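Accompanying notes for the structure given below.
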2 protein chains.
Amino acid sequence: MPDASAPSQTDMRRRILDAAALLLAENGYKATTLRNVAEAAGLKAGSIYYHFPSKDHITVEVLNEGVQQVSKAVLDAVDAAEGASGKAVLRAALEAHLKALAEHSSYTRASIRCFSMVPEEIRRQTVYVRRAFDSQWLSILQKIQTSGDIHKDVNLKDLHLIILGTLNWTLEWQGAGEEERLQLADTLAKLIMR
Amino acid sequence: MPDASAPSQTDMRRRILDAAALLLAENGYKATTLRNVAEAAGLKAGSIYYHFPSKDHITVEVLNEGVQQVSKAVLDAVDAAEGASGKAVLRAALEAHLKALAEHSSYTRASIRCFSMVPEEIRRQTVYVRRAFDSQWLSILQKIQTSGDIHKDVNLKDLHLIILGTLNWTLEWQGAGEEERLQLADTLAKLIMR
DNA sequence: TCCTCTGCCTAACAAATGTTAGGCAGAGGA
DNA sequence: TCCTCTGCCTAACATTTGTTAGGCAGAGGA
């Protein structure tokens with residue numbers, strides 16, 4: 001019985017998830033085969049079923065973890081910037097989002113790029129976490145707007161779309177460095193505020 | 001010998017492309033099977049090979065046509081707005097892009113959503129059209145900036161990313177109407193200008 | 001009437017896929 | 001020593017994939 005809460009176990013379970021995340025991010029759900037995942041993780045395809053009951057369970061876990069990583073990073077950044085100006089909070093959130101996308105790129109890329117192509121059953125099991133993340137960003141923007149740092153006329157739903165679209169689109173950038181990320185966060189923040 | 005320039009032929013070739021575009025847009029490259037395409041087009045899988053030499057050829061044609069449809073729409077809109085203010089030109093380009101995404105949604109969605117997941121050989125045969133489209137948008141922005149309607153300090157590369165990201169991200173919107181599109185173009189244009 | 005070409009179909013192929021059944025080496029407690 | 005459990009492997013399975021070979025009905029010219 002694989003038990004994630006067990007203190008020390010072979011980290012094979014994690015290695016399988018890592019391998020799956022990487023392949024899902026690069027090739028998508030259908031093109032990611034258990035044999036490829038197994039090879040990348042260092043075991044044989046059939047052995048995966050000792051750790052997971054199916055390919056779909058692995059996929060769900062990867063997709064949800066990807067969103068949660070970004071979500072946590074943004075939340076932490078906003079909390080750390082509490083009391084600062086709206087502009088500073090927004091900058092912090094943008095940078096945290098971008099940094100998370102770049103760093104845990106496998107999981108986050110997988111969750112962003114695979115979600116819309118995945119079978120409906122998997123979507124059902126991942127859509128909740130995504131909605132929570134959406135709400136989180138929206139409430140950040142709301143706070144900044146009521147504080148006056150975002151103009152009252154700006155449609156927050158549109159702004160939300162602009163931010164999410166822009167940040168997630170950076171994944172199509174192949175190999176952009178930290179400088180470009182900071183630069184983009186700067187440009188975007190400047191556009192939004194003022 | 002299927003010849004697209006022939007005046008009248010069964011439109012089966014077009015129906016196959018249409019069906020493929022729809023399925024590619026919804027399910028991605030790997031999950032789009034020739035048997036599904038055939039069924040949607042109203043023939044049997046083997047018969048597709050009378051019109052196309054392979055699945056990949058169909059895919060390349062769909063992806064390229066998708067980009068070209070948006071490209072042409074944006075170009076036409078900019079040409080029609082020639083002489084107008086930078087703001088008007090940008091608005092026209094944004095709206096044209098969004099409208100094209102929504103209207104020819106199959107081809108454009110397919111090209112945007114499949115490109116990064118597709119085998120390398122297909123990417124090689126579609127990347128050129130995409131680059132041309134990128135350049136087109138960038139040169140539009142450059143003209144507006146040199147005309148003074150976009151602040152000199154704004155990084156055009158970032159702005160380009162913001163626009164492309166935002167507009168293409170709308171594809172994840174399921175079933176947004178024209179009102180929302182115009183509203184988004186408005187919000188985005190207001191952020192960029194001024 | 002004969003012949004050719006068009007446009008599609010049927011039936012099969014090899015390869016690859018998710019998944020399962022059964023086995024096996026080794027660790028470790030009794 | 002015996003037993004059990006862990007963690008993996010091998011070998012197969014049914015299905016689905018892109019693709020191909022061969023056939024067949026009908027249109028239309030000679």
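Residue numbers begin at 1 in each chain, while the letters A, B, ... track the order of the sequences. Predicted model only: the values in this text are computed from it and were never measured.
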(message) If you apply the rule side-chain contact (heavy atoms from CB on, under 4.5 Å), what do you find for Ile58(B) with Ile48(B), and how did you get there?
(response) CA-CA 10 Å; Ile58(B) 300 178; Ile48(B) 289 184; 3.7 Å; yes
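Protein atom CZ of Phe52(B) is 14 Å distant from nucleotide atom C1' of dG7(C), rounded to whole Å. The interatomic distance linking Ile122(B) (CD1) with dG18(D) (P) rounds to 11 Å, in whole Å. Here dC8(D) presents its C1' atom at 17 Å from CZ of Arg13(A), a figure rounded to the nearest Å. Per the geometry, CE belonging to Met12(A) stands 8 Å off C1' belonging to dC8(D), to the nearest Å. Here the P atom of nucleotide dG18(D) and the CG atom of Asp56(B) are 10 Å apart, to the nearest Å. At whole-Å resolution of the value, CG in Leu43(A) and P in dT10(D) are 11 Å apart. In this structure, Arg15(B) atom CZ and dG7(C) atom P are separated by 14 Å, rounded to whole Å.
If you chain together hydrophobic residues whose side chains sit under 4.5 Å apart, Leu182(B) and Leu188(B) never meet in one group.
Under 4.0 angstrom from either OP1 or OP2 of dG7(C) there lies no side-chain N or O belonging to Ser47(B). Checking the phosphate oxygens (OP1, OP2) of dG7(C), a side-chain nitrogen or oxygen of Tyr50(B) falls inside 4.0 Å.
A salt bridge links Arg124(B) and Glu121(B); the closest N-O separation between the charged side-chain nitrogens and carboxylate oxygens is under 4.0 Å. Taking 4.0 Å as the cut-off between side-chain N and carboxylate O, Glu172(A) and Arg113(B) do not count as a salt-bridged pair.
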Contacts under 3.5 Å, N or O only, protein and nucleotides 15-18 of chain C:
from    : atom 1 : to       : atom 2 : distance (Å)
dG18(C) : OP1    : Thr32(A) : O      : 3.3
dG18(C) : OP1    : Lys55(A) : NZ     : 3.1
dG18(C) : OP2    : Leu34(A) : N      : 2.9
dG18(C) : N7     : Arg35(A) : NH1    : 3.0
dG18(C) : O6     : Arg35(A) : NH2    : 3.2

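Side-chain atoms of His51(B) lie closest to dC8(C) of the nucleotides dG7(D), dC8(C), dG7(C). Taking every side-chain heavy atom of Lys44(B) into account, dT10(C) is the closest of dC9(D), dT6(C), dT10(C).
Nucleotide dG22(C): paired with dC9(D) (Watson-Crick or G-U wobble, both distances less than 3.5 Å). In this structure, dG29(D) and dC2(C) make a Watson-Crick or G-U wobble pair, each of the two defining distances being under 3.5 angstrom.
Atom CD in Glu95(A) sits 11.0 Å away from atom CG in Leu167(A) (nearest 0.5 Å).
With hydrogens and angles disregarded, no donor-acceptor distance shorter than 3.5 Å links the side chain of Gln68(B) to the backbone of Val129(B).
Tyr49(A) and His57(A) have their aromatic ring centers separated by at least 6.0 angstrom.
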